[in-house]
Amino acid sequence: MTFRRLVLAAALGVLPSLAASGAAAQGTLRIGMTAADIPLTHGQPDQGFEGNRFTGIPLYDSLTAWDLTRGDRPTPLVPSLATEWSVDPQDKTRWIFRLRRGVKFHDGSEFNADAVVWNVRKVLDREAPHFDPRQVGVTATRMPTLRRAEKIDDHTVVLITSEPDSLLPINLTNLFMASPAHWERKRSAAPNAEAAWNAFAADPSGTGPFRLVRFVPRERAEYVRNEAYWGEIKPKAERIVLLPIPEANARTAALLSGQVDWIEAPAPDALPQLRARGMQIHSNVQPHVWPWQPCFAEGSPLTDVRVRKAINLGIDREGLKTLLGGMMVPAVGTVQPGHPWWGNPSFQIKYDPAEARRLLAEAGYGPQRPLSLKVQISASGSGQMQPLPMNEFIQQNLRAIGVNVEFDVLEWNTLFTNWRRGCKDASARGAHAINVSFAAMDPFFAMVRFWDSKMAPPVSNNWGHFSDPQFDAMVAEARNAFDPAARDAALARLHAAGVDEALFIWIAHDVGPRAMSPRVRGFVQPQSWFVDLRLPFIQ
Amino acid sequence: MFLYLLRRLLYAVPIALSVGFVCFLLVHIAPGDPINAIVPADAPQELVDQIKRDYGLDRPLPIQFAVWLSKVAGGDFGISLATGRPVWADLSVAIGNTLRLALAAALIGFVLGTVLGGLAGAFQGRAIDKVAVSFAVAGVSVPHYWLGMVLVVIFSVQLNWLPAMGAGPGGSSDWTWDAEHVRHLILPAVTLSVIPMGIVTRTVRGVVAEILNQEFVQTLRAKGLAGRRVFLHVVKNAAPNSIAVMGLQMGYLLGGSILVETVFSWPGTGLLLNSAIFQRDLPVLQATILVLAMFFVVLNLAVDLVQTAIDPRIRRG
């Protein structure tokens, strides 16, 4: 054999054998996340809702939870570690929660009222020995009125809010219950509370369907099934491996080469190839809104409702959907028709350039006096979908109705920072609208923070300084409606009024695309940012 | 020599200070807010202010810089804003991973570059020279992240021979130099090696060609010295320049490649910097850049010392 043939034979012999050695064990589900790091595992994840999805819900439970087992309806709120709850009729700032009995943390300690009080104090009581400032930012904002918790008996707690707030049970899906006993053990071996939380994050203990057994920062987290899980639906996958792969093409390649079984947000232009290779593509409408948020400050042309309506009517959302390969749902409001908060708006958002031109003319704009708008957008960012091509598509649409749009393109972190400061701030640089996407599963985040005048900067995200006493009254009504049906009805009135006033330029809902190997079975894509990891398994 | 070494090491102090200061300023001049790594955009201002106080981000910039500097002088690189983990814990792992990748890429790039450059220099103007120069130009010109993607498509997606990402079947924490781990290293190392390969090829080619044209080589040949012995003289004369270039390239490789490490999800300093930049994770950014700058300083010193050892004509001191 010549030297050349020897080398060739060696190469052909060795490479396939190297490739074959990477096969995964049966029942191990390997997931490629979009995050650049494993979201925090101490019970209050960072990395936005991807954190809740992968290191919150699978490891921990909250008092209330979303039912993620179906994809054909908006996800309802269901009991989790609390079996029932009601507001105190004498004092509507006190919510009484009855706790589930017989639930144990992964370390074997019991879940009870003391654990709930301890978990509320970890983020709200600066005097508590286990208070962790790092968990405050990602928790307190999601339950803005919660102040403290009191134990009534081992299985009953009272949660106290700063003002009557019917939205608290929804907010509580974001407060995950970590094991106090396990933390105390970590604390006894750590010099301070911060070090104890770091040790807890490396070896956490919740009540969720999976237990963390391996954690390599920035590289992987491995879960095994919690055989003592309390829930009726038991987890099916034996093991779950989470891998941070922030680059979309790298995720796609990892799936196609068999290194992972499931990827979040595949590269959009890779979808045909993924389908051709037999991969499953899952998507469903999400409580996510990709809008332009108008500025209502004096001098902004968007203070005129006719202009806002015209722009809403001048956007070809179906064309935009085609641009994205079908991976969006046209937005005609903050929630979809059929949602309990949809209401019955009279303004129908659709593509109607003739009506848009008529409304603009009525507002005094036309060929002699074209409307010019400046919009702050980002080049990328979490939840921002494909901001550059999408905005350029809309720019072309609006040019056709006589609106000239100029973009102020900012880096995502910068745009996010500006969002807090409002359109009157110098950081807005005279922009008439801002393109920041948001989650809409909770009424506070979907509507209240944008349409309540008290939420103007620097308090919250009413970037446009919208102020209308009628809307303030509707927000107050919703927050004081403690019967779930009455609360939904009040929210529906608020939403319908918002659509009728065209308080946003609603453009798209994300559909959370994910691609999976044909070996993944049992997966359900709910109408949510989250998924139920108890359901999928590898066959 | 000892005084020279001491002086060079002392130079590292103002360099470290300058790097730290410039990095600190750049991050603060850039728009955006480090607080976004910890607090969602919808947080009320009261909470944002409170957390800024907790992290010391509300203090004047000179004081923030002084506090950071005093801690670093004591060996404490601080806590990551984004993860809450000690910076050194993540940084030391990332450095180890980048070192592995850099060494593999250097091995491929320097060996190939030296061989190709040597051949091209020895056979200047001939076909082999043109082929070697073409490789060198391609190596320097082709964007390596693009090459990485192409290699992934061919060897991972189409042929399924090599993994597309990661630093081992179980991550880098259990790294050993076995086949399973080495196959994770092949594609990123080859991708990263093309630029040093091109630069070393061009350098060695130029140096070898120049030495071969010098009179002492003609004298050696005229005196009847065997080709192998002449070759050794050429190598010895070409080594100092080539080593200087390799040292610089090694510095770049140790700095990690943000693009290559991102394409292959290789958990090195490049990937760490990438996420730290987007999250404005100041402590991670500052510590990583400082350590990488120190790598350059130490590496340059090492190259100078090796040059002196090889060529006594180069005097240091």
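Throughout, a chain's letter reflects where its sequence line sits, starting with A, and its residues are numbered from 1.
Phe450(A) does not touch chain B: none of its heavy atoms, backbone or side chain, sits under 4.5 Å away. Heavy atoms of Glu194(A) lying under 4.5 Å from chain B belong exclusively to its side chain. When heavy atoms are compared at a cutoff of 4.5 Å, Gln273(A) approaches chain B solely by way of its side chain, counted from C-beta outward. Looking at Asn97(B), only its side chain comes within 4.5 Å of chain A, counting heavy atoms on both sides. With a 4.5 angstrom heavy-atom cutoff, Arg251(A) does not touch chain B via any of its atoms.
Within a 6.0 Å sphere centred on OH of Tyr145(B), heavy atoms belonging to other residues, nucleotides or ligands number 12 at most. More than 12 non-hydrogen atoms from other residues, nucleotides or ligands lie less than 6.0 angstrom from CZ of Phe49(A).
With chain A as partner, the option from Gly148(B), Ala94(B), Pro163(B), Pro86(B) having the largest number of non-hydrogen pairs under 4.5 angstrom is Pro163(B). Residue with the most contacts toward chain B among Ala195(A), Pro217(A), Pro457(A): Pro217(A) (heavy-atom pairs, distance under 4.5 Å).
Among all heavy-atom pairs drawn from Gln259(A) and Met165(B), the shortest one is NE2-O, 2.7 Å. Summarising the geometry of Asp37(A) relative to Thr83(B), their closest heavy-atom pair is OD2-CG2, 3.3 Å, with the distance given to 0.1 Å. Contact record, Ala36(A) with Ser275(B): CB-CB, 3.8 Å, taken as the closest heavy-atom pair. Taking both residues in full, the closest heavy atoms of Val157(B) and Arg277(A) are given as O-NH2, 3.1 Å, listed atom of the first, atom of the second, then distance.
Not one N or O on the side chain of Glu219(A) forms a donor-acceptor pair closer than 3.5 Å with the backbone of Ser173(B). Judged by distance alone, with hydrogens and angles left aside, the side-chain atoms of Arg220(A) form no donor-acceptor pair with the main-chain N or O of Ser172(B) at under 3.5 Å.
Pro283(B) is linked by a side-chain contact (heavy atoms from CB on, under 4.5 Å) to Leu81(B), Val87(B), Asp281(B), counting only residues two or more places apart in sequence or in another chain.
Chain B is approached within less than 4.5 Å, heavy atom to heavy atom, by Pro244(A), Ile245(A), Pro246(A), Glu247(A), Asn249(A), Ala250(A) from residues 241-250 of chain A, ordered by number.
One distance of note links CG of Leu272(B) with CZ of Arg218(A); it measures 4.5 Å at 0.5 Å rounding.
Among Asn160(B), Leu159(B), Leu162(B), the one residue that satisfies the side-chain contact (heavy atoms from CB on, under 4.5 Å) test with Ser257(A) is Asn160(B).
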